[in-house]
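Position 1 is the first residue of the sequence, and the numbers go up from there. The structure presented is a predicted model; accordingly, all values stated were derived computationally and were not measured. When a ligand or atom number is given, it counts from 1 through the structure's own listing order.
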Amino acid sequence: MAAALALLAGVGAPPAVAAPARARPVPDAPLRALADAASVRVGATLEPAQIDDAAYAGTLAREFSSVTAENAMKWYAIEPTRDAVDFAGADAVLEFAEANDLAVRGHALIWSQDAFTPAWVRAITDRAELWTEVEDHVRAVLERYRGRIRRWDVVNEPLDTFGSARSGSVFDRVLGPDWIADVFRLAHAVDPDAELWLNEYGADWNPQKHRALVELLRTLLAQGVPIDGVGLQTHRLSVDGPDRAAFERVLRDYEALGLRVAITELDVAVAPDDAQGLERQAEAYETIVVSCLAVAACEEVTTWGVTDRDTWLDDLGLFPPPTRPLLFDDELAPKPAYHAVSQVLAAGRAAARASSPGDPTTTTTAPASTTSSVPGAPDPPTPAPAARPVAGAPRFTG
Ligand code: G3I
């Protein structure tokens, strides 16, 4: 996966001309206050063990308005062995969130990658048996957290690396192609008030995968599948880009389907982390967050971690660590990227729309882009029927 991810994020591309360091006035408020004012969630991850890390947990609670369990709510964490269910880690993350007034992004009910599926699930070859296990798992988790976790990544990473096919997971092989629709319908039946999201990697950057994801979602929506939003992971393995116009058009392509949109796993690796590298990293963060604010359907930006000292990228084997991809350094001091995000949030959605290279008057009720998100690619698809409204969860508007 590391090599594929490298290709996806353009690692190896020649470095852009270094930008001069820019002075940024720092708003005198934590990110979460600025994000609230801009009607967007700003999130980060939490592992149960990090709850006892006062610096980490304190920074998370002070600066962010949402939390995603980095691993504790995954099937392999809840039920590593068949019928040996353990919600302790997931409960701990949720209790921390509730104690600190943080929203929760439930991550993830079904992860369509064999490597991250419990071995005992992966070994099932009988369709009825596998569906029973999927149903039991989805039901157990959603019933346990009903009313407490309202936003769920129901299906994570259904496509292969480049989007040319489904991921080929045990769910694809044994359940057949309709399993994604079936899982969303099941989740809706168990918790009709929950927001149901599909989360994917690489589609934020790779044009082919973006088109494949748009097509998948359009097909699901046309079938009446209850899906509310699409999460774009947005792991950036290079500080180069993204191009704002292209990135916004990607977001608007999903908006045009009537879906909510979130940046769910943002990080931007930087090497070397000298002043120029950190400035380019800040610009990448700025571009991504301002793009989200410019698109009314984009409701959340979650970073995949809080501090550079805790990041999955250091274990990926792609760069020699440290990769330093987050908003806070090893000592929890805010980096230039933090100041860039802070400034963009403080300026708010109106400023983001005003600076948009796209159509600033676009709304969620009309196709947002008249050109494709990919140069040279066909126009975006005809919008499907709008996704269903979610009870009690009004859509943010700019
Ligand atoms: O739980 C064991 C622990 O007992 C042991 O001491 C430790 C030693 O290495 O390993 C621990 O498990 C690791 C776990 O993270 C907790 O740290 C796993 O080996 C490791 O594979 C796991 O990696 C996580 C990965 O998902 C797989 O679940 C990363 O932390 C997490 O950042 C990453 O997150 C994913 C998203 O869920 C989906 N999108 C991609 C993203 C990055 O890969």
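Checked for salt-bridge contact, K335 and D330 miss the test: no charged N lies under 4.0 Å from a carboxylate O.
Set against the non-hydrogen atoms of H235, the atoms of ligand 1 under 4.0 Å away are 40 (C), 41 (C). Distances below 4.0 Å separate heavy atoms of Q233 from the following atoms of ligand 1: 38 (C), 39 (N), 40 (C). Listed by number with element, the atoms of ligand 1 under 4.0 angstrom from any heavy atom of Y76 are 22 (C), 27 (C), 28 (O). Within ligand 1, counting atoms from 1 as listed, the ones closer than 4.0 Å to a heavy atom of F116 are 27 (C), 28 (O). Residue contact check: E157 has heavy atoms under 4.0 Å from atoms 38 (C), 39 (N), 40 (C) of ligand 1. For ligand 1 and E47, the ligand atoms under 4.0 Å from any heavy atom of the residue are 16 (C), 17 (O). Residue E265 approaches ligand 1 through these ligand atoms, each under 4.0 Å from one of its heavy atoms: 36 (C), 38 (C), 39 (N), 40 (C), 41 (C).
Residue contacts with ligand 1 for W304 involve side-chain atoms from C-beta outward but no N, CA, C or O (heavy atoms, distance under 4.0 Å).
Across L232 and Y254, no two heavy atoms sit closer than the pair CD2-CE1, 3.9 Å. The two residues R244 and S291 make their nearest non-hydrogen contact at CG-OG, 3.6 Å. The two residues D228 and A194 come nearest to each other via the heavy atoms OD2-O, 3.8 Å.
Residue N156 has no N or O atom closer than 3.5 Å to an N or O atom of ligand 1. The shortest N or O to N or O distance between W111 and ligand 1 is not below 3.5 Å. The N/O atoms of W312, backbone and side chain alike, include none that comes under 3.5 Å of an N/O atom in ligand 1.
Of all the listed residues (N199, D315, N71), N71 holds the heavy atom that lies closest to atom 23 (O) of ligand 1.
To the nearest 0.5 Å, atom OG of residue S167 and atom CD of residue Q113 are 5.0 Å apart.
Taking the six-membered ring for Trp and thresholds of 30 and 60 degrees, F171 and W179 have ring planes inclined between 30 and 60 degrees apart. Using the six-membered ring where Trp is involved, W75 and H137 have ring planes that are parallel, under 30° apart on the 30 and 60° scheme.
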